[in-house]
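Here is how names work: the chains are called A, B, and so on, in the same order as the sequence lines, proteins then strands, and each is numbered from 1. In what follows, every heavy atom counts, from backbone to side chain, and hydrogens, waters and symmetry copies are set aside.
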Amino acid sequence: MKNSQIASILRELANYLEIEGENPFKIRAYKKAARVVESLGEEIEQMVKNREDLTKLPSIGKEIAAKIEEIVKTGRLQKLEELKRKIPPSLVELLSLEGLGAKKIKALYENLNITNYEELKEAALSHKIRELPGFGPKIEEKILKGLKLLKQEGFRFLYIEVEEVAKELKEYIKSFSLVDRVEVAGSFRRAKESIADLDIVVSTNSPKEVIDYFLEFKAIEEIIVAGETKGRVVLDNKLQVDLRAIKPLHFGAALHYFTGSQSHVVAIRQLALDMGLKINEYGVFKGEKIVASKSEDEVYGALNLAYIEPELRENRGEIEAAKSNRLPILIEQDDLRGDLHMHTIYSDGANSIEEMALAAKEMGYEYIAISDHYSTIALLKGLNPKKILKEFEEIDRLNSKLNISILKSLEVDILEDGSLAASDEILKRADIVVAAVHTKLRLSKKEQTKRVVRALLNRYVNILAHPMNRLIRKRDSIDIDFKEIFKVAKDNNIFLEINSQPTRLDLNDILAKEAKEMGVRFAISSDAHNIKELEFIKYGINQARRGWIEKKDVLNTLPLEELLEAIKR
DNA sequence: GCCGTTTTCGGCCCGACTGTTTTCAGTCG
């Protein structure tokens with residue numbers, strides 16, 4: 001049972017309790033615990049097997065620990081089953097409608113016996129809902145609208161899918177004369193791999209005018225909120241955008257609040273309370289007096305904390321690190337001197353070696369590695385012994401001609417038994433070897449771990465590409481003992497890839513952080529299949545930063561000579 | 001339900017907006 005599955009059961013329980021009218025703080029406790037479980041590097045299932053004490057985890061006490069153990073051991077939760085018998089599951093689904101919370105849903109159920117979307121729609125159309133106390137015609141309208149817009153539960157956009165519109169919105173708002181500053185905050189600013197909605201913070205002395213201007217943006221399909229300082233819309237691609245207009249004096253505090261994450265902000269506010277201060281989106285207050293608000297620097301400073309980069313704000317230890325000045329100095333794109341994973345027309349890429357090299361040179365790189373597929377799958381149009389020797393010869397020729405160093409490499413398939421698709425004879429001719437799993441993704445954890453470990457023990461392998469083999473929104477990670485892989489990587493001088501393809505971003509943030517803590521080092525690579533995709537490297541940098549990765553942790557920040565020295569094993 | 005160098009009981013982040021009511025509850029992030 002995966003951590004994410006355990007988390008979703010806890011969350012489901014919280015939803016049922018909410019409908020039941022349970023103590024709101026109890027509900028929050030379950031949701032908080034779900035978040036902790038979800039963002040845990042370690043696997044809960046393993047911890048339970050090892051009889052570790054789950055109450056050592058933050059926000060998990062005796063009750064929830066027992067429930068988690070029940071879930072892991074039996075695959076279900078008695079308490080949840082009971083609630084499901086009592087409350088129709090279709091009723092809980094109604095929570096996903098905008099504007100309908102537990103209290104209203106309960107009232108609809110008790111008074112009109114509404115249990116699902118269909119009955120809700122009927123009641124709204126026949127105007128039965130407006131007659132209930134606390135309800136009215138506007139709510140009927142909102143329900144009907146909501147049913148039409150009905151969001152897929154938990155749907156998130158890829159970062160790359162919102163990047164363009166985020167930029168457009170920022171420029172659109174910036175061009176308004178009454179606007180002082182604009183930032184896209186929220187999970188976008190924290191550079192999460194996927195984004196549920198955009199949060200924009202605007203500094204202005206004329207909030208209302210800015211909101212009105214915002215509501216004129218061309219791609220708006222639906223206006224949900226139109227207040228004095230706050231607007232919320234849904235764009236025609238179904239992306240929700242929130243905008244908050246705030247006076248310049250308060251901009252830093254507001255930016256901090258709207259950048260989140262929620263649990264980072266809550267923890268920061270709690271810390272402030274402990275210090276006798278109070279924080280809201282307008283500033284840090286000592287009594288009635290504002291002591292910090294203009295910049296985020298000020299806000300952190302007021303709490304005696306070093307500035308925390310947005311990518312770190314997940315309440316995963318960054319506040320403690322800031323207290324004791326142990327924050328990492330996060331890697332930046334400019335730190336990279338080369339790119340160690342890309343494809344050409346020798347396999348499934350679209351450009352020649354020379355075109356890739358020239359484009360890389362253009363980006364300021366000193367070296368690249370050409371790592372075409374060496375595979376037994378015909379689909380990947382992979383290399384064979386003859387073809388790769390030809391490719392290496394071409395690289396030799398180009399190296400004497402171009403003003404960038406091209407390393408001979410290959411992305412060699414790890415076969416089911418952990419052997420490699422290319423012979424050692426081939427591998428030893430390469431300057432650097434990237435190994436990857438592409439097939440047999442559903443092996444048991446034990447088999448998968450054994451397989452990859454064997455591959456890493458091959459003395460010619462240097463980098464393990466996309467270790468999770470997940471595709472965001474499409475395919476989960478392979479089932480593998482990452483701790484074991486990290487240990488073997490560390491012991492054998494294997495570098496773990498942070499793959500920059502927007503659907504991969506693999507390793508992810510949590511595992512990268514865990515690997516780093518174990519002393520493993522990384523290669524941040526584009527895995528480009530054409531010259532344009534070389535730019536994807538920025539997404540890999542994002543993910544690496546979220547994983548607390550520093551320049552010194554990354555192989556391709558080294559000058560070529562040092563790199564070649566560093567990969568020796 | 002969780003948590004605790006002021007606490008094992010009594011707190012729990014905090015404010016905007018909406019729609020319903022005529023001062024506020026519910027919802028949301």
**Q** Can you confirm whether or not the ring centre of A:Tyr172 sits under 6.0 Å from the ring centre of A:Tyr213?
**A** yes
**Q** So what does A:Pro133 touch, heavy atoms closer than 4.0 Å: a base, only the sugar-phosphate, or nothing?
**A** nothing
**Q** What is the distance, to the nearest angstrom, from the CD1 atom on A:Ile27 to the C1' atom on B:dC28?
**A** 15 Å
**Q** Just checking A:Pro24: base, sugar-phosphate only, or nothing, at a heavy-atom cut-off of under 4.0 Å?
**A** nothing
**Q** Without hydrogens or angle criteria, can the side chains of A:Tyr30 and A:Lys67 be said to hold a donor-acceptor pair below 3.5 Å?
**A** yes
**Q** Indicate whether OP1 or OP2 belonging to B:dC13 is found under 4.0 Å from a side-chain N or O atom of A:Arg28.
**A** yes
**Q** Looking at A:His256 versus A:His264, is the centre-to-centre ring distance below 6.0 Å?
**A** yes
**Q** Using Watson-Crick or G-U wobble geometry with both distances below 3.5 Å, tell me the partner of B:dT8, or none.
**A** none
**Q** Does the side chain of A:Lys230 get closer than 4.0 angstrom to OP1 or OP2 of B:dA16 through an N or O atom?
**A** no
**Q** With a 3.5 Å cut-off and heavy atoms only, can you find an N or O donor on one side and an acceptor on the other between the side chain of A:Asp197 and the base of B:dG29?
**A** no
**Q** Does A:Ala102 reach a base, just sugar-phosphate, or nothing at all? Heavy atoms under 4.0 Å.
**A** sugar-phosphate
**Q** Would you say A:Glu70 and A:Thr74 are linked by a side-chain donor-acceptor pair, where the criterion is simply a distance under 3.5 Å?
**A** no
**Q** For a quick check of understanding: with a heavy-atom distance under 4.0 Å over all strands, which category does A:Leu97 fall into, base, sugar-phosphate or nothing?
**A** sugar-phosphate
**Q** Taking OP1 and OP2 of B:dC17, is either one under 4.0 Å from a side-chain nitrogen or oxygen of A:Thr229?
**A** yes
**Q** Would you indicate what A:Lys32 reaches in the nucleic acid, counting non-hydrogen atoms under 4.0 angstrom: base, sugar-phosphate, or nothing?
**A** nothing
**Q** Could you check whether A:Ile279 gets within reach of a base, just the sugar-phosphate, or nothing at all, counting any heavy atom under 4.0 Å?
**A** sugar-phosphate
**Q** Pairs under 3.5 angstrom, nitrogen or oxygen only, protein versus nucleotides 5-8 of chain B, please.
**A**
none

**Q** Should the heavy atoms of other residues, nucleotides or ligands under 6.0 Å from NZ of A:Lys208 be counted, would the total exceed 12?
**A** yes
**Q** Any side-chain N or O of A:Lys104 less than 4.0 Å from the OP1 or OP2 oxygen of B:dG26?
**A** no
**Q** Hey, is the side chain of A:Tyr257 poking within less than 4.0 Å of OP1 or OP2 on B:dA16, counting only N and O atoms?
**A** no
**Q** Do A:Ile68 and A:Ile44 come close enough that some side-chain heavy atom pair is under 4.5 Å?
**A** yes
**Q** Taking OP1 and OP2 of B:dC24, is either one under 4.0 Å from a side-chain nitrogen or oxygen of A:Lys103?
**A** no
**Q** Less than 4.0 angstrom from a charged side-chain N to a carboxylate O is my criterion; do A:Lys86 and A:Glu20 meet it?
**A** yes
**Q** Rounded to whole Å, please give me the gap between CD in A:Gln262 and P in B:dC12.
**A** 16 Å
**Q** If you look at every strand shown and take non-hydrogen atoms under 4.0 Å, does A:Ala33 touch a base, only sugar-phosphate, or nothing?
**A** nothing
